[in-house]
Structure formats: C-alpha cells, structure tokens
Amino acid sequence: MIGTRPEAIKLAPVALALRREPGVQLTVCLSGQHPAMARDALTSFGIVPDAELALDATATTAGARFTDLHRAISALLDRQPQDRIIVQGDTSTALAGAIAGFHAGVPVAHVEAGLRTGNLAGPWPEEGYRRMIAPIADLHFAPTERARQNLLAEGVDPASVHLTGNTVVDALIAVRALIAKSPATAQRLADWRHDISGGKPIVLVTLHRRESHGSILTGVATALRDLAEEFRDYAFVLPVHPNPAVSGSIRSVLADQPNVRLLDPLGYEDFVYVMSAASLIVTDSGGVQEEAPTFGVPILVVRNESERPEAIAAGFAQLTGTEPDRILAAARDILQRGGKSDLRGKVNPFGDGTASDRIVRLLLARNDADAAADAAAEAIVVAPPDLAADLVRFVQ
Ligand code: UDP
C-alpha cells in the first residue's frame, strides 16, 4: 500500500523483488494520498500501479483524511481479499492500511519499522502513526539496529523484528543501474545539471515538514537567502514541494535570488543525480538523510529532532535546529571547507542495498521456522566500501 512519494521509492525495490517470485501475486496499490508524486516515483522503477483508490477531496484535516483512507483501503480488501498487506513508514496511508488489515484479519508487515524521536509532537502525526502500527503488525523490518532496539524496548515480540537495512539504498542502486544502462539518460542528466547550476557547485535544499510550516519555514528560507548572497559561487537548487503552505513561504523569500533555482518536484532519477553531485544538502526530509550518505554528501538537518540519529553518529549529518543563525553558521563552515570531500568513501549506516531481498525472503519464510531463522541470521547491515565510490563515479 503506497500513499506518498517516499513510500513509492522505498517500496518499489520490494515490489520488484516480489514480482520476481513466481508464487506471489502482487497488487501494488496507490492509496490516493499523494497520487501524482507517488505515481511519478514508481515510474522511475518501471512500475505501474495495479490499483488506485479514489479519496474524498473534501477530507482535508488529518482525522478526516485518515478516516477516508481507512474506508477506501478496507473496501479494497473486501473486493480483492489479500493474504498480507505491506505498509511502509509513518504516513496516514501506512496507519490506515495497518488498521484496515487488522480489521480484515490480514497480517500486516511494516517496512522501516522502529523509527522514533520519542516526542509525539515531533514529527506530528508521524511519530504517533508509526508507534500505533507496531502492536498490530506481525512482521517488523527495522532499517537499523537502533530501530530494532526501539521496537524491543516497546515489548514487540523479538521473533517478529528483523534487521534488514533500509530499502532506500536498494532504490538508489536500482536507479543507478537504470541510468547506467542508458547513455541518453546519463547525457540528459549531465546537460540538465549544467543547465540548473550554470556549472557551479550545488547546494541542494528540500523542505516540507508540516511542523515547520509558517514562520519557521520562512526563517529557514531567510537563512538560505543570506547564504546564497554570501556564497555566490554556489548554485542553490530547491525542488519545491507542491504543498501551498511550503511553496508560498519559499517563493516569497527566495524567488528573486540570482543563484537560487526553484524547481518543480523532480523525478527520482533527476533528484538522485543532483543529490549525488551536491556539495551540501540542507533538508528536513527523512529519506534524503538516508540517501545522501551513500554519496558522501554532508547534510544539515533543519529540524529540532531526528528519528535517524545514525546519520549524525556516522558524521554525515548535523542537526541544526531551525534557528536561521545556527543554519547559517553550520552551512558556512561546510561551504568554506569546500563541501563533501571529507565524507567520500565512508559507509552508509542505513544499509548495503540488499534490504528488499532480505524482506522478501522473510515474507516468504513466514510459515517456515527454519527458513525464517536462516533469513533472520543473514540480516546484518554492512555497506561494501566500493558501493559509495561506484555511485559517486557515475555522476562525476
Ligand atoms: N525526492 C524526489 N524528488 C524531489 C525531492 C525528493 O524524488 O524533488 C525523493 C528523495 O530522494 C527521497 C524522497 O523523495 O527518497 C523523500 O521524500 P520527502 O522528503 O517528501 O519525504 P520524507 O522522506 O521526509 O518522508
């Protein structure tokens, strides 16, 4: 069940691995939460959804949207009974899918389980949603050891929790392979990168978190404007999230800066390409924090807390908070040192690109205790060092 762009990106490798299994009949379903961005992201992997749910456009509050998603997913499970539902992360689609599965007696597998900030208000509603999925899922695929420990500390049955790595690393590798296979795509991306940056080194920015909407977002945008004025030799590239609460603040502060490029949301290949070429990333995104380490790009996380402290502990990310002065100081420090060079070759703490194969083996082994034990024993996350080097090479 897929609602948003990050769910599409992180479940695409699982869907591709399941499609390779002859005994599995897979239904890739878009819930209708962010259908255009989710559909676009699936296209990058050559996946066409098998089902798309119709939602009530008047359901705009978090509660009304959740109720509507639950209704639509329950109706789908009635029409097309399933043996299992797979949800990802912490969106309203993930929780509505889990609860709909629970009501219909369909076992729930949770991909990217166990992320926690410990603060129900941040991020809201995601922290609450992912915590609520845990007691009703029977398979929990934890991307890191820390996430596994979070679940165990909440009393989740250890036999149902598996350390797999994060499927986003698999997604990066799949996209890299697609680009490598097509010289025309690689050339298009190289030309496009030059076009958006004028050949300058790139600072890539993504902002979307609900808890920052309003004055916080305007403050972050102001810090970026000051940074762009100070570092005119850099191109600041911002694919702007379509939510009007985000695009309004960003455009009002940054629209007229000569070295700032405000773009529409990018297709996944394009985003991965520009990310891998960036000297610095400023973001409040969860997925971007997990992807950037693969390319050795430093990340400033403009949030007050992160459920992904692994990137910080491994030296890739800094949590700056949302105060403009702190963001400016941290960015200045990195740009004055020339960006990413220190981090190249370091290992991505989020995985080695085999998470989806592990997940599929664990899903298939569910009813076979020995196979499950074998699959679980292999679930250790180590990134081969040449992977990062290889990914960096493909854009340089
Ligand atoms: N992404 C993309 N195009 C863009 C911006 C982001 O494909 O213009 C991808 C990015 O690579 C990552 C995911 O979208 O995999 C992150 O989405 P987002 O930041 O919206 O959500 P979060 O990860 O914070 O839940």
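This is a predicted model, so every value here is computed, not measured. Whatever order the structure lists them in is the order used to number ligands and atoms, beginning at 1.
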Just need the protein heavy atom nearest to [atom], so name the residue and atom and give the distance.
atom: atom 4 (C) of ligand 1; answer: Arg5 NH1, 3.2 Å
atom: atom 9 (C) of ligand 1; answer: Ile9 CD1, 3.6 Å
atom: atom 25 (O) of ligand 1; answer: Pro6 CG, 3.5 Å
atom: atom 23 (O) of ligand 1; answer: Gly287 N, 2.7 Å
atom: atom 11 (O) of ligand 1; answer: Glu291 OE1, 2.7 Å
atom: atom 18 (P) of ligand 1; answer: His208 NE2, 3.6 Å
atom: atom 19 (O) of ligand 1; answer: Ser285 OG, 2.7 Å

Residue pair [X] / [Y], side-chain donor-acceptor N/O under 3.5 Å:
X: Asp138; Y: Ser160; answer: no
X: Thr117; Y: Glu307; answer: no
X: Thr91; Y: Glu7; answer: yes
X: Thr27; Y: Asp50; answer: no
X: Ser92; Y: Gln33; answer: yes
X: Asn150; Y: Glu154; answer: no

*Are any of the N or O atoms of Phe271 closer than 3.5 Å to those of ligand 1?*
no
Please list, in number order, the atoms of ligand 1 under 4.0 Å from a heavy atom of [X].
X: Tyr268; result: 7 (O), 11 (O), 15 (O)
X: Pro265; result: 8 (O)
X: Pro239; result: 8 (O)
X: Gly286; result: 22 (P), 23 (O), 24 (O)

*Kindly assign one of parallel, tilted or perpendicular to the pair Phe66 and Tyr129, based on the angle between their ring planes and the thresholds 30° and 60°.*
tilted
_Check for me whether Ala41 has a heavy atom closer than 4.0 Å to any atom of ligand 1._
no
*Contact between Arg209 and ligand 1, counting heavy atoms under 4.0 Å?*
yes
_Among Asp264, Val175, Leu266, which one puts a heavy atom closest to atom 2 (C) of ligand 1?_
Leu266
*asked:* Looking only at the aromatic ring of each residue, does the gap between the centers of Tyr268 and Phe45 stay below 6.0 angstrom?
replied: yes
*Sequence neighbours left out, what passes side-chain hydrogen bond (donor to acceptor under 3.5 Å, both in side chains) with Arg225? Give chain and number order.*
none
*Is Arg308 reaching over with its side chain to a backbone N or O of Glu310, donor-acceptor style, under 3.5 angstrom?*
no
